[in-house]
Amino acid sequence: MTTVQDRSAMPQEREPNPALGSPERPIGFGRIQRKEDPRFIRGKGRYLDDVVLPGMLHGAILRSPLAHARIVSIDTTEALAHPKVHAVITGKDLEGLNLAWAPTLSADVQAVLATDKVRFQGQEVAFVVAEDRYSARDALELIDVEYEDLPPVIDARRALDPGTPVIRDDKEGQTDNHIFDWEAGDKAETDAVFARADVVVSQEVVYPRVHPAPMETCGAVADYDPVDGKLTLYETTQAPHAHRTLYAMVAGIPEHKIRILAGDIGGGFGNKVGIYPGYICAVVGSIVTGKPVKWVEDRSENLMSTSFARDYIMKGEVAATKDGTILAVRTHVLADHGAFNATAQPTKFPAGFFSIFTGSYDLEAAYCSVTGVYTNKAPGGVAYACSFRVTEAVYLVERMVDVLAQKLQMDPAELRLKNFIRPEQFPYKNKTGWEYDSGDYAPALRMCMEQIGYADLRREQEEKRARGELMGIGVSFFTETVGAGPRKHMDIVGLGMADGAEVRVHPTGKAVVRLSVQTQGQGHETTFAQIVGEELGIPTEDIQVVQGDTDQTPFGLGTYGSRSTPVSGAAVALAARKVREKAKAIAAAMLETRPEDLEWEKGRFFVTGDPTAAKTIQEVALGAHGTVALPEGIDGNLDAEVTYDPPNLTFPFGAYICVVDVDAGTGKVKVRRFVAVDDCGTRINPMIVEGQIHGGLADGVGMALMEFIGFDEQGNCLGGSFMDYLIPTAMEVPDWETGYTVTPSPHHPIGAKGIGESATVGSPPAVVNAVVDALAPFGVTHMDMPCTPARVWEAMQGRATPPI
Amino acid sequence: MQVPAPFDYVRATSVADVLDLLERHGPESRVIAGGHSLLPMMKLRLARPEWLIDINDLTELRHITVDGEWLRVGALTRHADLLASDVVAQLFPMIHDAEKVIADPVVRNRGTIGGSLGQADPAEDLTTVCDVLRAQVFITARTGERTVDIHAFHRGPYETACEQHELLTEIRFPIAARQGSAYEKVERRVGDWAVGAAGAALWMGEDGTIADATIGLTALGLEGLATEAAGVLVGERPSEDLFAEAADLARAASAPIEDQRGPVEYKRHLASELTRRALTRALDRAAHRTAVQGG
Amino acid sequence: MQVTMTVNGSEVTRDVEPRLLLVHFLRETLGLTGTHWGCDTSNCGTCVVLVDGEPVKSCTALAAMTAGHEVRTVEGLADGATLDPVQQGFMEEHGLQCGFCTPGMMLTARALLDRDPDPGEDVIREAISGQICRCTGYATIVRSIRWAADHPADRDAAAATTDQEVPA
């Protein structure tokens with residue numbers, strides 16, 4: 001029997017709103033394929049080394065083989081005599097241009113080409129410009145440098161010992177290798193809590209030196225036009241505008257005569273934030289030869305001289321009650337910054353945001369102190385998705401919570417659940433001055449435990465242990481602080497960390513959004529179009545995203561520290577809203593009504609109560625540029641520009657659980673499973689969010705098991721190639737399992753928090769905690785990364801040693 | 001990316017042509033086959049030959065053939081060929097074990113057994129495999145061909161009995177009934193050189209005792225075979241205790257050095273642990289091998 | 001010296017130095033910049049191309065050695081305007097982020113699917129284990145290759161039909 005619906009009772013239907021899209025092709029937020037993919041899958045990406053300019057020459061850098069030595073002499077005669085060489089530049093030549101030293105992002109100076117001494121193996125000593133890259137390489141061998149060895153300072157723990165050679169004798173008044181001391185939190189209060197606590201655990205935890213190692217190395221093509229006095233600089237840079245301003249300050253070329261072009265970048269991960277000597281040499285080379293000069297580093301240069309990451313020796317302590325209430329955390333950190341202090345982080349934060357080491361827990365007190373030192377190694381420290389040292393902070397607290405759990409014989413997940421900041425406590429002021437914007441931690445951890453089958457795994461572990469098989473389950477829960485940041489507190493070399501965005505809707509209803517941030521694979525061409533699409537109902541394919549050209553985009557500080565969505569994404573959303581507000585006024589004029597009589601549903605305005613009286617955003621765009629009389633105060637366009645000064649940082653969080661199996665006979669670790677539950681607030685494109693997480697999870701496995709830049713006693717870099725610096729392949733990582741919760745940021749226009757670095761932050765402790773858990777039957781309470789087979793086996797024998 | 005210093009290049013058309021070219025172009029000429037040992041060294045400018053003689057067109061050197069009691073493998077046979085060969089997997093499973101963990105699948109498309117043995121890297125897996133299987137190496141010169149036992153072929157790190165004017169053309173493995181072999185390797189990551197590895201071969205008697213045995217180690221400071229360790233196995237009935245004893249002697253024979261891959265104590269442990277595992281698997285495979293019918 | 005080889009179906013002849021690496025021949029002599037490079041030690045695999053149908057690291061081959069052979073680069077994956085299923089798969093399943101390792105990954109995938117049209121996850125992971133991706137964590141690359149396996153080219157099906165005997 002057929003039932004006939006009484007259609008007279010149904011509301012009057014209006015035409016479906018095309019701006020809602022379809023489930024397969026949503027407009028605004030949702031899972032859509034990336035707009036940038038078509039050129040990459042055809043091999044038509046435009047990376048730095050793809051740039052070819054007429055008459056272009058090639059540069060190559062001669063680097064120091066020694067970690068610490070005086071330069072006695074440099075003879076470039078033979079190199080200059082090479083028929084294909086156009087120029088050879090040394091530190092002496094740069095001295096004449098006042099460019100031998102350049103300011104770093106940390107109020108220090110770095111040698112562009114060494115003058116008096118070399119201070120790390122791989123340091124830049126001379127720059128050759130030749131007709132092709134093969135000749136440039138040949139010419140390097142024709143430069144004769146005489147060195148006088150000096151004793152190198154390699155062990156950071158000894159860098160401040162009396163009598164240690166002073167590395168930075170170029171700095172007036174520098175009598176040792178000390179850079180800075182910094183602290184956060186209340187020392188007295190924290191010491192008092194520790195003094196009365198039932199339980200105190202302490203552990204030295206090392207986060208060894210690693211490297212972001214994007215697949216594309218760093219490089220630049222400098223094209224100086226002597227007639228115009230204009231410099232066009234193609235660069236692998238995550239921060240084109242910041243670079244432009246810095247070059248103007250350093251090189252004396254007026255800022256309006258510098259154009260930085262970023263193009264497609266083959267991965268950044270913080271490696272491409274700073275200005276490297278090679279870029280400056282390319283600029284000088286172009287000025288000197290009158291031709292464009294390309295410099296692209298090889299992989300050994302990348303690993304040996306560009307910004308490394310981490311290298312923190314952290315002495316962690318946790319105070320707790322005997323029933324597992326965590327009271328306080330305390331730590332002192334020794335930070336190895338290499339030969340020059342070139343870390344990239346906001347000026348007032350020499351240890352970045354390390355003070356977020358209070359983690360996701362409600363504490364009574366916290367105190368951290370950090371001492372930075374020079375060593376004869378490459379400069380850097382802030383890179384590889386660290387969110388400004390948040391990786392170090394999270395690793396410390398999550399490793400320490402597990403140490404505590406083991407001491408108390410408590411389940412590590414239960415210990416965390418017991419101590420989480422509770423949802424009603426947000427916004428939460430932690431003990432070192434951060435205000436966490438929002439969070440709901442327990443559901444995320446429970447979801448992760450459910451998804452991985454935590455109880456079953458613990459049962460399996462018990463059975464395996466009875467048979468002498470080693471299996472480990474590692475929990476990690478992280479809260480990041482990202483999206484720097486309020487310009488009052490956060491600047492990089494005096495440039496406040498605000499970001500600009502510009503939205504324009506063309507007469508036919510297509511749009512362009514111009515960004516100051518810079519994608520290196522994160523999918524900005526898609527996600528930023530989606531932000532505009534969500535606000536204006538314009539299909540993503542109708543929105544062009546422009547970035548990477550300082551001539552065409554508004555000023556901003558660039559992409560790193562997961563700040564693109566929190567800062568630039570906010571700017572874009574607000575600019576789009578400004579456009580919408582304007583459109584409303586114009587729509588009202590077009591509909592001969594008042595703005596307050598209009599309602600908005602994605603893509604169109606309609607008169608309240610009369611859905612057929614509507615104007616789409618496309619119609620309004622045409623009207624804006626047309627002949628309709630415009631309301632008072634409204635000019636004839638749908639354009640808006642916003643520079644967004646974030647009121648606070650954002651606090652993405654997540655719960656990760658890793659399962660490992662360890663071969664007891666060899667120490668080899670196999671990552672069996674990894675479940676990651678992330679909360680980044682509003683999710684613009686779930687496919688892209690998931691991709692960001694997967695990449696970071698692989699980073700964690702890499703660092704936990706194999707990535708390490710070591711040095712021998714002479715300061716020879718032992719991680720200077722991909723034969724030695726090991727990055728996981730598809731065989732070393734599992735199929736990732738992910739879940740999510742959504743806790744929007746209350747202060748962000750679209751509630752989004754950013755996701756780019758979450759997994760790199762949260763996964764290393766999950767893996768290391770799992771390995772340590774696996775080795776518990778051997779009495780192991782801690783071991784340091786990397787957990788290579790040898791180091792794991794040694795830990796099993798009771799001989800766990802730090803890697804440095 | 002790093003690039004080689006200049007050199008001259010010629011492509012050989014036959015073995016005789018190669019020998020002629022090697023003589024003509026003198027001591028600074030080298031043959032290039034897969035190129036995955038030589039070219040990386042040349043790019044880093046650690047090797048600077050003046051002439052490269054490309055032997056990749058010599059297809060007669062690329063074969064895997066059962067010839068009576070020998071498995072004959074042409075020197076130009078690629079790692080991928082050995083890995084894909086059913087005959088190799090059946091007769092000498094340790095070759096299959098090793099090839100699975102040599103370099104990576106893309107490099108294996110080019111690298112050759114002749115190139116690997118000729119390079120003689122101290123961590124070369126196939127060196128150990130050939131030692132353990134008692135392979136013979138055929139070297140061709142203008143004056144004729146000569147056979148060299150694998151043990152005489154290796155002279156030390158990066159040094160072999162193949163003179164500059166000679167060409168390694170074939171490697172032969174003796175086939176025997178009731179033989180099992182296995183190779184066990186620990187690496188930090190796919191494609192890395194071994195932290196340590198062990199290979200073992202067992203020839204079983206009809207009465208179930210071990211008629212013959214060989215044990216070899218990779219990257220653990222032992223050149224040639226662990227003869228004492230293998231010696232305790234001969235004539236004995238296999239057992240866990242027996243294998244443990246042999247493993248202990250293999251450990252005693254090792255002389256590893258400490259490096260980024262691990263400390264001495266760990267590597268010595270691997271010598272013993274991996275020997276034990278290799279022996280256990282070799283025995284299992286000997287039990288499953290059917291006798292080989294004559295050629 | 002002169003080298004002649006077939007690149008993406010067309011014969012090319014150029015004058016080169018013997019030491020010119022294949023990757024530079026493709027990128028700079030022929031202007032095919034879809035093939036990349038990322039290391040000095042033949043580890044990263046961003047330079048992978050197909051030589052006679054097999055994945056080869058073009059940074060570890062000379063142009064001279066490749067003379068007389070057939071090379072296929074990423075630019076030769078699509079058939080005119082028709083994308084290869086692996087290219088489509090990488091877009092469908094988000095198998096790329098920065099795109100730098102992608103050409104090499106897709107070519108290895110193409111070679112794998114040509115000899116094993118229905119590879120399991122383990123087989124796929126092993127096939128790409130000589131190539132590093134720093135962005136994706138590999139799971140979406142595996143999914144992309146599985147997508148291509150599940151959606152083989154229509155032209156293959158068309159070719160198969162014409163080869164079939166007409167049933168009586």
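The chains referred to below are lettered A, B, ... by the order of the sequence lines, with proteins before strands, and numbering in each begins at 1.
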**Request:** Specify the closest pair of heavy atoms between C:Phe100 and A:Tyr47, including all atoms of both residues, with the distance to one decimal.
**Result:** N-OH, 3.4 Å
**Fill in**
Given C:Gly34, C:Cys98, C:Gly137, the one with more heavy-atom pairs under 4.5 angstrom with chain A than any other is C:Cys98
**Request:** Rounded to the nearest 0.5 Å, what's the gap from NE2 on C:His94 to CD1 on A:Ile32? Could you check?
**Result:** 11.5 Å
**Message:** I'd like to verify something: which residue of A:Lys44, A:Glu690, A:Arg46 has the highest number of heavy-atom pairs under 4.5 Å with chain C?
**Reply:** A:Glu690
**Prompt:** Considering only heavy atoms, which portion of A:Leu697 lies under 4.5 Å from any heavy atom of chain C: side chain, backbone, both, or neither?
**Reply:** neither
**Item:** Atom group of A:Asp50 that falls short of 4.5 Å from chain C, counting heavy atoms
**Value:** both
**Asked** Of all of C:Gln88, C:Met105, C:His24, which one pairs up most often with chain A through heavy atoms under 4.5 Å apart?
**Response** C:His24
**Request:** Heavy-atom distances under 4.5 Å only: say whether A:Gln520 touches chain C with side chain, backbone, both or neither.
**Result:** backbone
**Request:** Select one option (side chain, backbone, both, neither) describing which atoms of A:Tyr384 are under 4.5 Å from chain C's heavy atoms.
**Result:** side chain
**Message:** Tell me the closest heavy-atom pair linking C:Cys39 and A:Phe722, and the distance in Å.
**Reply:** CB-CD1, 3.6 Å
**Asked** If you look at every heavy atom in A:Asp49 and C:Arg27, which pair is closest and at what distance?
**Response** O-NH2, 3.0 Å
**Item:** Atom group of A:Arg42 that falls short of 4.5 Å from chain C, counting heavy atoms
**Value:** both
**Prompt:** So which of A:Ala698, A:Pro212, A:Pro38 has the biggest tally of heavy-atom pairs under 4.5 Å with chain C?
**Reply:** A:Pro212
**Interface residues of residues 138-147 of chain C facing chain A - heavy atom cut-off under 4.5 Å** = C:Tyr138, C:Ala139, C:Thr140, C:Arg143
**Asked** Are A:Glu707 and C:Arg134 close enough for a salt bridge, meaning some N to O gap below 4.0 Å?
**Response** yes
**Asked** Any side-chain donor-acceptor pair under 3.5 Å between C:Gln97 and A:Gln522?
**Response** no
**Message:** Between A:Pro214, A:Ala759, A:Gly696, A:Pro734, who has the most heavy-atom pairs with chain C when the cutoff is under 4.5 Å?
**Reply:** A:Pro734
**Request:** Check whether C:Met106 gets within reach of chain A through its side chain, its backbone, both or neither, counting any heavy atom under 4.5 Å.
**Result:** side chain
**Asked** What do the steps show when you test C:Asp40 against A:Arg299 for side-chain contact (heavy atoms from CB on, under 4.5 Å), and what is the final call?
**Response** CA-CA 6 Å; C:Asp40 313 316; A:Arg299 180 55 64 182; 3.6 Å; yes
**Separation between SG of C:Cys135 and CZ of A:Phe269, rounded to the nearest 0.5 Å** = 3.5 Å
**Complete:** Nearest heavy-atom approach of C:Phe90 to A:Asp37 is O-OD2, 4.5 Å
**Asked** Given the options C:Glu93, C:Glu126, C:Glu92, which has more heavy-atom pairs under 4.5 Å with chain A than any of the others?
**Response** C:Glu92
**Side chain / backbone / both / neither for A:Ala213 at chain C, heavy atoms under 4.5 Å** = both
**Item:** Shortest non-hydrogen separation from C:Leu21 to A:Tyr134 and the atoms involved
**Value:** N-OH, 3.0 Å
**Prompt:** chain C heavy atoms under 4.5 Å from A:Ser300: which part of the residue, side chain, backbone, both or neither?
**Reply:** both
**Request:** Flag the one option from C:Thr41, C:Leu96, C:Leu32, C:Thr46 with the top tally of heavy-atom pairs under 4.5 Å to chain A.
**Result:** C:Leu96
**Request:** Counting only heavy atoms closer than 4.5 Å, note whether C:Ser129 contacts chain A via side chain, backbone, both or neither.
**Result:** both
**Item:** chain C contact via A:Leu303 - side chain, backbone, both or neither, heavy atoms under 4.5 Å
**Value:** neither
**Fill in**
Given C:Ile132, C:Ile128, C:Val74, C:Asn43, the one with more heavy-atom pairs under 4.5 angstrom with chain A than any other is C:Asn43
**Prompt:** Side chain, backbone, both or neither: which part of A:Glu301 has a non-hydrogen atom closer than 4.5 Å to chain C?
**Reply:** neither
**Message:** Counting heavy-atom pairs closer than 4.5 Å to chain C, which one of A:Ser721, A:Gly691, A:Gly521 comes out on top?
**Reply:** A:Gly521
**Prompt:** Any side-chain heavy atom of A:Met215 within less than 4.5 Å of one from C:Cys133?
**Reply:** no
**Asked** What are the two closest heavy atoms between A:Ile41 and C:Gln87, and how far apart are they?
**Response** O-NE2, 2.7 Å
